[in-house]
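Counting starts at 1 for both ligands and their atoms, in listed order.
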Amino acid sequence: MKVSVLGATGYAGAELLRILYNHPQAEVVHVTSESHTGEKIADLYPHLRGLYDMVLESMKDIEAIGKDSDFVFIGLPHGHAMKVGRALRDLPVRIIDLGADYRFRDTSVYEAWYHVPHTDPEAERVYGLAELYRDEIRDAKIIGNAGCFTTASILALAPLARAHLIDVNTIIVDAKSGVSGAGRSPKQANHFPELYDNFRAYNVAHHRHTPEIEQAITDLSGEATVINFTPHLVPMSRGILATCYATLKEGVTPELVDAAFEKAYSKEFFIRLLGRGGYPSTKEVRGSNFCDIAWHIDERTHRVIVLSAIDNLVKGAAGQAVQNFNIACGFDEKTGLDFVPMYP
Ligand SMILES: NC(=O)C1=CN([C@@H]2O[C@H](COP(=O)(O)OP(=O)(O)OC[C@H]3O[C@@H](n4cnc5c(N)ncnc54)[C@H](OP(=O)(O)O)[C@@H]3O)[C@@H](O)[C@H]2O)C=CC1
Ligand SMILES: CC(=O)N[C@@H](CCC(=O)OP(=O)(O)O)C(=O)O
């Protein structure tokens with residue numbers, strides 16, 4: 001399969017190149033940048049030296065890129081993918097967008113949270129969270145890859161929402177991310193003296209991943225869902241740990257909770273269940289496409305607390321995109337992705 005990576009100079013794009021290098025069925029044919037066209041990708045990302053000799057192109061002739069490619073992966077800030085989607089609408093090329101443009105079924109939700117008009121609302125698209133939307137992903141023209149915090153949170157809560165074991169309107173997600181989640185462009189808050197040895201929340205009660213989690217939990221439970229989601233920035237480069245709380249419905253026992261997780265995920269290679277009482281950690285999934293999940297039950301409050309760890313750049317972005325690519329191509333889902341986490 002010939003694939004192109006738009007936004008190859010971003011962290012998500014560069015991570016795609018790392019993964020695609022070892023993918024036996026993918027050949028990268030175009031890589032793009034806005035501000036580094038004409039430069040070599042390996043000069044900007046020296047860890048790719050000797051592996052990619054490609055020169056970065058602009059997206060001016062996006063149709064030519066689309067014509068050369070079977071798949072286009074998009075690692076651009078939100079607002080750009082929908083223009084690419086429109087431009088490539090009539091070509092046979094398929095699109096996997098790592099950003100948010102194609103994640104929402106109802107584009108008015110996107111417009112309300114991202115504060116830009118959606119310019120491709122009619123596009124046929126599916127939500128790209130492989131374990132939950134596999135059947136839709138198989139034949140999709142456009143896959144809106146799930147977000148990073150959302151992947152960790154939705155995978156943690158899905159079995160309980162689907163089995164109607166929790167009151168979905170009591171959900172609280174308290175999540176922590178490494179700073180690569182904010183992309184490569186420098187920002188004051190991510191400057192070493194301000195980030196290091198520091199820990200803080202941000203975008204409380206208005207983070208854009210809130211409606212994305214609500215959309216999936218509403219789908220799975222069949223009940224309109226409103227949640228609380230609080231992200232935090234942690235002074236580490238990669239990783240997300242989501243701690244998800246919800247009140248159990250009356251009569252729900254710990255054994256029913258255990259059974260729901262087993263039923264949902266016992267056959268999923270990329271989801272590793274640590275069981276009731278386990279403690280996933282970001283280091284144990286670092287550099288891999290795994291999502292490690294454990295759950296605890298507080299008998300006093302009758303609440304379940306689910307812990308979920310991913311690498312934001314892999315299962316939260318590039319790895320998930322390649323998993324979706326594998327599904328869309330009919331390849332084994334693990335192709336190019338079954339590598340062991342880096343430890344320590
Ligand atoms: N980082 C993460 O953990 C995750 C990121 N994502 C999503 O992936 C996408 C990329 O994120 P990330 O890699 O972190 O972001 P970066 O800021 O690191 O990279 C952005 C990329 O987009 C390019 N770009 C920026 N503006 C334009 C423009 N006007 N025209 C063309 N290209 C442009 C940049 O090119 P250049 O700088 O060379 O000009 C760069 O290649 C975003 O939508 C993000 O939400 C999703 C899940 C996780
Ligand atoms: C640490 C950090 O800043 N994280 C980003 C995560 C969002 C992201 O990367 O975008 P997706 O919606 O495509 O997942 C944030 O909170 O905005």
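Of all atoms in ligand 2, numbered sequentially from 1 with element shown, those under 4.0 Å from a heavy atom of Phe149 are 16 (O). Proximity to Ser35 (heavy-atom distance under 4.0 Å) selects the following atoms of ligand 1: 36 (P), 37 (O), 38 (O), 39 (O). Close approach of ligand 2 to Leu233 (heavy-atom distance below 4.0 Å) involves ligand atoms 1 (C). Atoms of ligand 2 found under 4.0 Å from any heavy atom of Leu98, numbered from 1 in the order shown, are 13 (O). Residue Asn312 approaches ligand 1 through these ligand atoms, each under 4.0 Å from one of its heavy atoms: 3 (O), 48 (C). Using a 4.0 Å cut-off to heavy atoms of Ser180, the atoms of ligand 1 that qualify are 1 (N), 2 (C), 3 (O). Listed by number with element, the atoms of ligand 1 under 4.0 Å from a non-hydrogen atom of Gly10 are 13 (O), 16 (P), 18 (O), 19 (O), 40 (C), 41 (O). Ligand 1 places these atoms under 4.0 Å from at least one heavy atom of Ser33: 36 (P), 38 (O), 39 (O). Each of the following atoms of ligand 1 lies closer than 4.0 Å to a heavy atom of Leu313: 1 (N), 2 (C), 3 (O). If you number the atoms of ligand 1 from 1 as listed, the ones under 4.0 Å from a heavy atom of Tyr11 come out as 13 (O), 18 (O). Applying the 4.0 Å criterion to heavy atoms of Cys148 picks out, from ligand 1, the atoms 48 (C).
The closest side-chain heavy-atom distance from Trp295 to Pro254 is not below 4.5 Å.
A cation-pi arrangement is absent between Arg276 and Phe261 under the rule of less than 6.0 angstrom and at most 45 degrees off the ring axis. The side-chain tip of Arg94 does not point at the ring of Phe73 from less than 6.0 angstrom away and within 45° of straight on.
A donor-acceptor contact closer than 3.5 angstrom is absent between the side chains of Asp298 and Tyr245. For the 3.5 Å distance criterion, the side chains of Ser180 and Arg238 fail to qualify, holding no donor opposite an acceptor. Using modelled atom types, one finds no donor on one side chain facing an acceptor on the other under 3.5 Å when comparing His36 with Asp43. Side chains of Asn289 and Gln320: no donor on one and acceptor on the other come within 3.5 Å. Residues Asn326 and Asp332 have side chains that never bring a donor and an acceptor to within less than 3.5 angstrom of each other. For the residue pair Asp68 and His30, a side-chain donor N or O sits within less than 3.5 Å of a side-chain acceptor on the partner. In this structure, a donor-acceptor pair under 3.5 Å is absent between the side chains of Lys334 and Gln323.
For atom 44 (C) of ligand 1, the protein comes within 4.0 Å by no heavy atom at all.
Of the protein's non-hydrogen atoms, His207 NE2, 3.5 Å is the one closest to atom 17 (O) of ligand 2. At the top of the distance list for atom 4 (C) of ligand 1, counting protein heavy atoms only, stands Ala317 CB, 4.2 Å. Atom 14 (O) of ligand 1 has as its closest protein heavy atom Gly183 CA, 3.2 Å. For atom 46 (C) of ligand 1, the nearest protein heavy atom (residue, atom name, distance) is Leu98 O, 3.3 Å. Closest to atom 47 (C) of ligand 1 among all protein heavy atoms lies Gly316 O, 3.1 Å. Given atom 17 (O) of ligand 1, the protein heavy atom at minimum distance is Arg184 N, 3.7 Å. Among all non-hydrogen protein atoms, the one lying nearest atom 40 (C) of ligand 1 is Thr9 OG1, 3.3 Å. Nearest protein neighbour of atom 2 (C) of ligand 2, counting heavy atoms only, is Tyr202 OH, 3.2 Å. Nearest protein heavy-atom contact of atom 5 (C) of ligand 1 is Ala12 CB, 4.3 Å. If you check which protein heavy atom lies closest to atom 12 (O) of ligand 2, you get His209 NE2, 2.4 Å. Scanning the protein for heavy atoms near atom 24 (N) of ligand 1, the closest one is Pro77 CD, 3.8 Å.
Each of Ile166, Ile171, Ile227 was evaluated against Ile217; a single residue qualifies, Ile171, per the side-chain contact (heavy atoms from CB on, under 4.5 Å) test.
Within the model, atoms CG of Leu248 and CD of Glu299 stand 9.0 Å from one another, a figure rounded to the nearest 0.5 Å. Between atom CD1 of residue Ile95 and atom CD1 of residue Ile142 there is a gap of 4.5 Å, rounded to the nearest 0.5 Å. Atom NE2 of residue His302 and atom NZ of residue Lys249 lie 11.0 Å apart, to the nearest 0.5 angstrom.
Tyr21 and Phe331 fall within a single hydrophobic cluster, where Ile, Leu, Val, Met, Phe, Trp and Tyr are joined by side-chain heavy atoms under 4.5 Å apart, directly or via other members. When hydrophobic clusters are built by joining Ile, Leu, Val, Met, Phe, Trp and Tyr residues whose side-chain heavy atoms come closer than 4.5 Å, directly or via intermediates, Leu6 is not grouped with Val28.
A distance of 6.0 Å or more separates the ring centres of Tyr102 and Tyr127. Taking the six-membered ring where the residue is Trp, the centroids of Phe290 and Phe269 are separated by under 6.0 Å. The aromatic ring centres of Tyr202 and His232 sit 6.0 Å or more apart. Ring centroid separation for the pair Phe104 and His118 does not come in under the 6.0 Å cut-off.
Nearest residue to atom 32 (N) of ligand 1 from Thr151, Leu76, Val179 is Leu76 (criterion: closest heavy atom). Across the listed options Gly7, Ala14, Gly75, Gly75 owns the non-hydrogen atom lying nearest to atom 10 (C) of ligand 1. In the candidate list Gly316, Ala317, Ala182, Cys148, Ala182 is nearest to atom 3 (O) of ligand 2, counting heavy atoms. Checking Ala12, Gly147, Gly181 against atom 6 (C) of ligand 2, the nearest heavy atom belongs to Gly181.
Contacts between Ala81 and ligand 1, counted as non-hydrogen atom pairs separated by less than 4.0 Å, are absent for every part of the residue. Under 4.0 angstrom from ligand 2, there are no non-hydrogen atoms of His78.
Between Gly178 and ligand 2 there is a heavy-atom distance shorter than 4.0 Å. Note on ligand 2: Asn145 sits outside its first shell, no heavy atom being nearer than 4.0 Å. Assignment of Val179 to the shell around ligand 2 is not supported, since no heavy atom sits closer than 4.0 Å. Heavy atoms of Gly147 come nearer than 4.0 angstrom to ligand 1 in no pair at all. The closest approach between any non-hydrogen atom of Arg103 and ligand 2 is below 4.0 Å. Within the 4.0 Å heavy-atom cutoff, Ala100 does not count among the residues contacting ligand 2.
Of the N or O atoms in Glu34, one or more lie within a sub-3.5 Å distance of an N or O in ligand 1. Looking at Ser177 next to ligand 2, no N or O pair under 3.5 Å apart turns up.
Note on Glu27 versus Lys2: salt bridge recorded, some NZ/NE/NH1/NH2 to OD/OE distance being below 4.0 Å.
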